[in-house]
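Some notes on the structure that comes next.
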Amino acid sequence: MTAAAETTPSSHPDVRSISWLGVRPRLVLASAFMLFLELALIRWTGSNIVHLSYFTNFVLLGSFLGIGLGFLRVGRTTRPPYYSPITLAVLVVVVLLFPVTVDRRTEGVLYWTSLTTTGPPPWLILPVVFAAAAIVLMGPAELVGRCFPALERLEAYRYDLVGSLTGIGLFTALSFLGAPPVVWGTVAALAYTVLLWPRTTPGRLALAVPALVVVGALAAETLTAGALWSPYYKVTHDHFDWHGVPITDIQVNGIPHQQAVPAGRRLEWERQYALPYERAGGRRPDDVLVVGAGSGTDVAIALLKGAGHVDAVEIDPSLRELGGIYHPDRPYDDPRVTTVVTDGRAFLERTTGKYDLILFALPDSLTLVSGASSLRLESYLFTRQAMEAAREHLKPGGVFSMYNYYRERWLVDRLAATAQAAFGHRPCVDVVSQAGQQAVITVGLTAEAQSCGEAWAGASAATPPPAEDDRPFLYLRDRTVPWVYLVTLGLILAVSLLAVRAVAGPYRRMRPYADLFLLGVAFLLLETRSVTGFALLFGTTWVVNAVVFAGVLLAVLAAVEVTRRFRTPPLPVMYGVLLGGLALAWLVPASWLLGLPPAPRALVAVTVAFLPIFAANVVFARRFADSADGTTAFGANLLGAMVGGCLEYLALVVGYQALLVVAGALYLGAFALLPGDARSPGAVRAR
């Protein structure tokens, strides 16, 4: 690539032939649209195909594959990627016509409830969604990639990052406003129109028809479902009377989730709601903390039991809103109740309150955290460290309790053993119903503070050890990757290899950028470690998630700007800084950070998390700037990120902290594959 070709946008035929925008605004818009579309697909498909609520990064992997293929496709055709809006329209129609609820009885991957499957089987619908996500994202990525040869390498990368930050900001703002998918679809239709508006009538039809189908189908869903779109769920609700009792039934992502029922009737119908108060010796609790307050029934019961004050913590604002409007007892209107919309573990870490009773009231998110393959919204509530945090907030004579439908007896025993490890004595365990293992686990600050019925027999040799913050996978019985994940990931990698060969041609085209491929693998693991680390330190909320992703992009952008404007140290030195940053992240334990006040905790956490990210991207920026074929180099890096998304599942076996070791090994491999001229202290980046 000559200097003139790199610096003259109009000289590149791809840019000139299909764009009325200048190359820089086009690059920013296409990059913003690419990330916005990725986030919207993850969010929307997961709300209609419940399999994807438990395999959140399945769509993410398809998106990475599509983005990588889009870059590798640059130079092989000049035709506009109309296949992208057409595929999106087909995907939207298929998903709305054939929504799926998951059969969550699969052994190895555990869920709270067992429901039957409706809609297409997973072996059919999941490949369709994966392939569609890849094809849809390939279009915007191709548009981004066509802008890269028209600009200096790092200038193009800078505008790509600015666009990505814009896409995250827009989707975050729409999440904050509770915008329904028809708004997301409208944004997509407008972006396609601006980026792909053709000169010919057939081309306009190829663009307008799928855009109208997407907006129309999503508008119909919005009008007929009557849903609230929280940052986590598609929330629907029904109201009915059962023998004169008013009930509001709430579903999330198509799954029955909870009911707003008068407190008195709930106590009559299900004994588990009364047991925490009985096991506390029948004492009237003055201060109560309810984590997982939801639509308000547990709060109403606490008030009925005489609580003087209740702190009601709920992570989802829509569930809290429905409880405030529809619960028959109006518990959230009571002056004795303070509601806090946040993550329960984060609340425990920052509150100074002391309580007579802390209650984990059926906290079951039914979904995973976007960007982390196996982290659920409530994962950090059920670790040994979380119960120790709860213990620290009990008054003398106080009691901690939790209840749910645990499905498996070993899971009840695991939680009981966790409570024993945290409190130092055996808890009360009441299995209310063998069907579904409906159980209540209660433990006092001291053994004298609890009043058990039949004593818990204790953990058996087959009971898994307590979950820990580093490996918070409560529902995974063995330290292994479940076979369903292994088979799925194996098929994804096989399909990806074939797709890369079909779209990009021989693999030797990417051989010079093997180190950039490994940089992509390692960086995705580093990003996952950052997301999960900040989720533990500050809560698994959508706000924290969005801030972390934005922070990662800002760190990458800072690395690009430093590389563009200053003479950075040689790559061997930067690799040394990178490995030093990984060692620092390994040596600073989360338990120590949790003990810091919020402001110092944030400062140290940001420094520890983003130092290796910054160093890794200085390395990438230097190598990318010197690459002979920028789009192929970038595509190889993105495909590496997809493989890194598969390797995330290693955390199920080794924990999240050990991902730093895996990332370090991959970075050493990338250094070993570094071309000889790039190792030279005198190596200078491209313009």
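Predicted model, so just to flag it, every value in this text is computed and none were measured.
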Full working for side-chain hydrogen bond (donor to acceptor under 3.5 Å, both in side chains) between D238 and Q251: CA-CA 9 Å; D238 301 306; Q251 307 88 37; 3.2 Å; yes
Report the relative orientation of the aromatic rings in F400 and F423; use parallel for angles under 30°, tilted for 30 to 60°, perpendicular for over 60°. parallel
What pairs of residues pass the side-chain hydrogen bond (donor to acceptor under 3.5 Å, both in side chains) test when at least one of them lies in residues 464-474, not counting sequence neighbours? R345-D469, T383-D469, R384-E468, Q385-E468
Any donor-acceptor pair under 3.5 Å linking the side chain of [X] with the backbone of [Y]?
X    : Y    : value
R477 : T463 : no
R265 : P262 : no
Y380 : G539 : no
K305 : A300 : no
E388 : A421 : no
R426 : A457 : yes
T532 : R529 : yes
D329 : P331 : no
H425 : G444 : yes
T351 : F347 : no

Can you name the residues that form a side chain to side chain donor-acceptor pair (under 3.5 Å) with [X], not counting sequence neighbours?
X    : answer
Y277 : none
W184 : none
T297 : H327
R414 : none

Please report the closest heavy-atom contact between [X] and [Y], naming both atoms and the distance.
X    : Y    : result
A217 : L96  : O-CD1, 3.5 Å
A260 : P328 : O-CD, 4.0 Å
L553 : S164 : CD1-CB, 3.7 Å
V337 : T339 : CG1-CG2, 4.0 Å
L218 : P181 : CD1-O, 3.3 Å
Q272 : L362 : NE2-CD1, 4.1 Å

Is the closest side-chain heavy-atom distance between [X] and [Y] below 4.5 Å?
X    : Y    : value
L275 : Y403 : no
V310 : D334 : no
T248 : P246 : no
Y326 : S295 : no
R279 : V440 : no
H393 : L289 : no
F610 : V552 : yes
P231 : P317 : yes

Is there a ring pair (Phe, Tyr, Trp, His ring centres under 6.0 Å) between F473 and Y656? Walk through the geometry before answering. CA-CA 11 Å; F473 311 119; Y656 285 119; 5.5 Å; yes
Between K234 and E221, does any NZ, NE, NH1 or NH2 come within less than 4.0 Å of an OD or OE carboxylate oxygen? yes
Before accepting this row, confirm whether a basic side-chain N of the pair D287/K395 lies closer than 4.0 Å to the acidic partner's carboxylate O. yes
side-chain contact (heavy atoms from CB on, under 4.5 Å) between W542 and S175, intermediate numbers included: CA-CA 9 Å; W542 68 278; S175 296; 3.9 Å; yes
To the nearest 0.5 Å, what is the distance between [atom1] ([X]) and [atom2] ([Y])?
X    : Y    : atom1 : atom2 : result
Y475 : E408 : OH    : CD    : 13.5 Å
T540 : I315 : OG1   : CD1   : 4.0 Å
E270 : E268 : CD    : CD    : 12.0 Å
L303 : R330 : CG    : CZ    : 14.5 Å
F382 : T418 : CZ    : OG1   : 10.0 Å
Y233 : H257 : OH    : NE2   : 4.5 Å

Would T541 and D343 count as a side-chain hydrogen bond (donor to acceptor under 3.5 Å, both in side chains) here? Give the steps. CA-CA 6 Å; T541 64; D343 171 71; over 6 Å; no
Quiz: residues 166-174 side-chain donor-acceptor pairs under 3.5 angstrom, not counting sequence neighbours:
from: T166; atom 1: OG1; to: V162; atom 2: O; distance (Å): 2.8
from: T172; atom 1: OG1; to: I168; atom 2: O; distance (Å): 2.7

Please step through side-chain hydrogen bond (donor to acceptor under 3.5 Å, both in side chains) for the pair Y355 and D311, ending with a clear verdict. CA-CA 9 Å; Y355 301 94; D311 281 336; 2.5 Å; yes
Test side-chain contact (heavy atoms from CB on, under 4.5 Å) on L91 and L41; report intermediate values, then the result. CA-CA 10 Å; L91 175 63; L41 279 176; 3.8 Å; yes
Let's go through E278 and T442 carefully: what are the C-alpha distance in whole Å and the side-chain angles of both, what is the deciding distance for side-chain contact (heavy atoms from CB on, under 4.5 Å) to 0.1 Å, and is it a yes or a no? CA-CA 10 Å; E278 295 177 14; T442 309; over 6 Å; no
Going through the checks in order, is the side-chain contact (heavy atoms from CB on, under 4.5 Å) test met by H309 and D286? CA-CA 6 Å; H309 182 265; D286 189 37; over 6 Å; no
